[in-house]
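Quick note: numbers below take in every heavy atom, side chains included, and nothing from hydrogens, waters or symmetry partners. Sequence lines set the chain letters: A, B, ... in the order given, protein chains first and strands last, and positions in each chain run from 1.
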Number of protein chains: 2
Amino acid sequence: MSMDAVFRALADPTRRQLLDSLHARNGQTLNALGADMAMTRQAVTKHLAILEEANLVTSIRRGREKEHYLNPVPINEIAERWIGKFERGRLTALSDLKRRLERED
Amino acid sequence: MSMDAVFRALADPTRRQLLDSLHARNGQTLNALGADMAMTRQAVTKHLAILEEANLVTSIRRGREKEHYLNPVPINEIAERWIGKFERGRLTALSDLKRRLERED
DNA sequence: TTAATATGCAACCTTTTGGTTGCATGTCAA
DNA sequence: TTGACATGCAACCAAAAGGTTGCATATTAA
């Protein structure tokens, strides 16, 4: 569950759309997820594989179908361990910008 | 300030490292930022351009040097507008996973 | 059993990405 | 003024990413 895999998985708009879709309706099959995407089923498969690699999606085979479930934990970890750091530094950064502007004579 | 540009900017480990570096010491020049990177100055320039494109970094030319400043606002927006959505759905997603496991006989 | 359905695997292609090298330009300091 | 220093610009290159097509496999339903 490397943080790098999560960041790279989130970089693609199609994959974020897949997460949105699962967030709206969890447990969808590959076909259902691909229904409203403008690409082939195989392309969606690849995107889902990347999301699973990043542990953002878990899948389970049920008969001839495969259900996909959203796992929000990695997103949470990024929020807490990475984004939190920059949020805490926000005021500092803004004062830096202010100081920078003041130096402009 | 498209969210897509921010996500793609954050996808590369080198660029996250640059943000970390600016977070530790704001206002660094290109040379300073590139000092501890295992790549050429020109490569760092390109990464910084992508960060500036995403509005994560602001730069100002001072004499023959260029100072770089971290802008944490886009990170904050992602945290609030995008990540927040999944955090709110966290319990729902977990109960989905539970229900899925229970169906496994 | 057979046909339809759902997914998997693999080769292939094009574009983007991350990086390099080489040279140009602008600025400071002796 | 001249050399050193900081950065900019552009062409080029290899690898990765995103997508396609074609075929194989497994499961359900008639």
Query - Upstream residue (5' side of DNA chain D) when B:Lys46 and B:Asn31 are each assigned their closest nucleotide - result: B:Asn31
**Report entry** Given DNA chain D, 5'-ward residue of the pair B:Arg61 and A:Thr40, judged by closest heavy atom
**Finding:** B:Arg61
Query raised in the report: Taking the nucleotide of DNA chain C with the closest heavy atom to each, which residue, B:Gly63 or A:Ala32, is nearer the 5' end?
Result: A:Ala32
Report summary line: Considering only heavy side-chain atoms of B:Ala43, the closest of C:dG18, C:dT20, C:dT7 is C:dT20
Report task. Spell out yes or no: do the side chain of B:Gln42 and the base of C:dG18 have one donor N/O and one acceptor N/O closer than 3.5 Å? Result -> no
Query raised in the report: Would you say B:His47 reaches C:dG19's phosphate, i.e. side-chain N/O to OP1/OP2 under 4.0 Å?
Result: yes
Query raised in the report: Does A:Arg15 get its side chain close enough to the base of D:dG18, under 3.5 Å, for a donor-acceptor pair?
Result: no
Report task. Could you check A:Asp4 against A:Arg8 for salt bridge (charged side-chain N to carboxylate O under 4.0 Å, His left out), going step by step and ending with a plain yes or no? Result -> CA-CA 6 Å; A:Asp4 192 66; A:Arg8 275 189 306 132; 3.3 Å; yes
Report task. Flag yes if B:Leu18 and A:Trp82 sit in one hydrophobic cluster, no otherwise; membership is Ile, Leu, Val, Met, Phe, Trp, Tyr, and two members link when side-chain heavy atoms are under 4.5 Å apart. Result -> yes
Report task. Using distance alone, with no hydrogens and no angle criterion, decide if A:Thr58 and A:Glu52 have a side-chain donor and acceptor under 3.5 Å apart. Result -> no
**Report entry** Sidechain-backbone polar pair: B:Arg15 side chain, B:Leu10 backbone, donor-acceptor under 3.5 Å
**Finding:** no
Report task. Answer yes or no: does a side-chain N or O of B:Thr29 lie under 4.0 Å from OP1 or OP2 of D:dT7? Result -> yes
Report task. Indicate whether OP1 or OP2 belonging to C:dA4 is found under 4.0 Å from a side-chain N or O atom of A:Arg64. Result -> no
